[in-house]
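Ligands are counted one by one from 1 in listed order, and the atoms in each one are counted from 1 as well. Atom set for the values below is all heavy atoms of this structure, side chains included, hydrogens, waters and symmetry mates excluded.
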Amino acid sequence: MTHTAPLGVAVIGAGTMGADHVRRLDRAVAGARVAAVADLDADRARALADPVEGCAAHTDPEAAMAAPGVDAVLIASPGPAHEAALLAALDRGLPVLCEKPLTPDPEGALRVLAAERKLGGRRIQVGFMRRYDSEYAQLAALLASGELGRPLLLHCRHRNVSVHPYFTDASLINDSVAHEFDAARWLLGHEITAVQVFRPTPSAQAPEGLSDPQLVVFETDGGALVDVEIFANSGFGYQVQAEAVCERGTARIGDAHGLLVNAAGRWGGPVDQHYLTRFADAYDREVRAWVDATRRGEVTGADAWDGYAVAAACAAGTEAQRTGRRVAVDMVEKPRLYRD
Ligand code: NAI
């Protein structure tokens with residue numbers, strides 16, 4: 001169905017990402033309006049909804065989805081709450097943009113895939129926004145062109161200034177490396193088949209109990225190897241870099257060579273401090289593309305299968321962390337709905 005009126009969106013979760021997406025939908029995306037906001041914390045829901053004209057605040061996500069004028073749902077609650085919200089949205093046949101992860105576990109993702117398949121068509125996009133970053137898009141196009149030959153290695157670095165004190169070893173995989181799992185699958189066009197994790201002696205800056213940094217290595221069904229340095233408490237900046245090594249050359253992104261200043265015998269520029277600034281353009285493009293596709297009655301971007309594939313890779317990654325062994329990724333066969 002094509003929408004001619006602005007798309008009415010219910011935003012579930014009014015935290016960091018939910019607030020950023022409400023601002024984006026309200027001010028930076030044409031053809032959409034925020035019709036409802038839900039957060040378990042009533043004050044937080046009201047504070048986000050009140051300044052937006054015609055936007056109702058709720059504490060129950062399902063009540064927000066059932067509110068008048070809601071045509072679609074953007075889920076930005078914590079990962080463990082996603083499955084219930086996704087099933088409720090699918091129950092109403094509503095299109096969804098779900099922040100990553102689709103679900104924290106592959107079993108939950110399979111239940112979501114089953115519910116979507118019952119509708120006979122795709123409704124879900126997963127918020128893997130790197131696919132909308134201009135540098136990632138250039139690297140993807142270059143690799144797809146075949147100009148450099150077959151990709152052999154992908155070196156990735158993912159550094160945060162710091163993370164919440166409740167971040168665990170598993171969070172490094174589920175919250176951070178999850179992005180590299182999706183980006184590598186998308187850039188290479190390969191599925192991830194096995195994961196191994198290596199750890200140096202932790203940094204003295206690492207919080208008690210967190211083994212930081214770690215090196216996550218994965219194999220793909222296209223014969224490539226991917227290594228990811230995940231360094232959650234680098235202290236100096238938010239950096240996401242990738243270098244593809246191919247048969248006839250290499251290509252690298254994420255060096256952030258924006259403004260370079262020469263002064264006082266040094267040269268250099270700023271390092272981003274947060275994903276909301278590093279990927280600001282990517283989030284804008286992602287949400288615009290979702291709104292445009294939804295109004296056309298289409299689903300584009302990472303789909304629920306991609307969300308499941310990443311959940312399966314994360315399960316292997318956390319087992320590899322726990323056991324110190326190479327762990328094969330266990331996946332079901334891809335259903336027909338997700339093959340085209
Ligand atoms: P946050 O902790 O800042 O906000 C979460 C909000 O959801 C809180 O206000 C909380 O009260 C509310 N909430 C908790 N349970 C709920 C439920 N059942 N229903 C409705 N609201 C509920 O979390 P943040 O950082 O905004 O993360 C939200 C989601 O976005 C997570 O899935 C996270 O993995 C993802 N994320 C994605 C990023 C990306 O780069 N694409 C970056 C950071 C987070």
Discussion item. Less than 3.5 Å apart, any donor N or O on the side chain of His190 or Asp221 sitting next to an acceptor on the other?
Written reply: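 Absent: no donor and acceptor within the cut-off.
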Practice prompt. Verify the neighbour count for atom CZ of Arg325: are there more than 12 heavy atoms of other residues, nucleotides or ligands below 6.0 Å?
Written response: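 Open.
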Item to complete: Start with the C-alpha distance between Cys98 and Leu86, add both sets of side-chain angles, then the distance that settles side chain to side chain contact (heavy atoms under 4.5 Å, CB included), and finish with yes or no.
Response: CA-CA 8 Å; Cys98 180; Leu86 284 161; 4.0 Å; yes
Worksheet item: Which word best sums up how the rings of His158 and His179 line up, parallel for under 30°, tilted for 30 to 60°, or perpendicular for over 60°?
Response: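 The arrangement is tilted - the two ring planes meet at 30° to 60°.
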Worksheet item: Is the His164 ring parallel, tilted or perpendicular to the Tyr166 ring (thresholds 30°, 60°)?
Response: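 The arrangement is parallel - the two ring planes meet at less than 30°.
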Distance dump, ligand 1 polar atoms to protein, N/O, under 3.5 Å:
from: ligand 1; atom 1: 3 (O); to: Thr16; atom 2: N; distance (Å): 2.9
from: ligand 1; atom 1: 3 (O); to: Thr16; atom 2: OG1; distance (Å): 3.2
from: ligand 1; atom 1: 9 (O); to: Asp39; atom 2: OD1; distance (Å): 3.4
from: ligand 1; atom 1: 9 (O); to: Asp39; atom 2: OD2; distance (Å): 2.6
from: ligand 1; atom 1: 9 (O); to: Arg44; atom 2: NH1; distance (Å): 2.5
from: ligand 1; atom 1: 11 (O); to: Asp39; atom 2: OD1; distance (Å): 2.6
from: ligand 1; atom 1: 26 (O); to: Thr16; atom 2: N; distance (Å): 3.2
from: ligand 1; atom 1: 26 (O); to: Met17; atom 2: N; distance (Å): 2.8
from: ligand 1; atom 1: 32 (O); to: Ser77; atom 2: O; distance (Å): 3.3
from: ligand 1; atom 1: 32 (O); to: His82; atom 2: NE2; distance (Å): 3.2
from: ligand 1; atom 1: 32 (O); to: Lys100; atom 2: O; distance (Å): 2.9
from: ligand 1; atom 1: 34 (O); to: Lys100; atom 2: O; distance (Å): 2.9
from: ligand 1; atom 1: 34 (O); to: Lys100; atom 2: NZ; distance (Å): 3.1
from: ligand 1; atom 1: 40 (O); to: Tyr283; atom 2: OH; distance (Å): 2.6
from: ligand 1; atom 1: 41 (N); to: Glu99; atom 2: OE1; distance (Å): 3.0

Item to complete: Would you indicate whether the side-chain heavy atoms of Leu7 and Leu25 approach each other to under 4.5 Å?
Response: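 Heavy-atom side-chain distance check fails, nothing below 4.5 Å.
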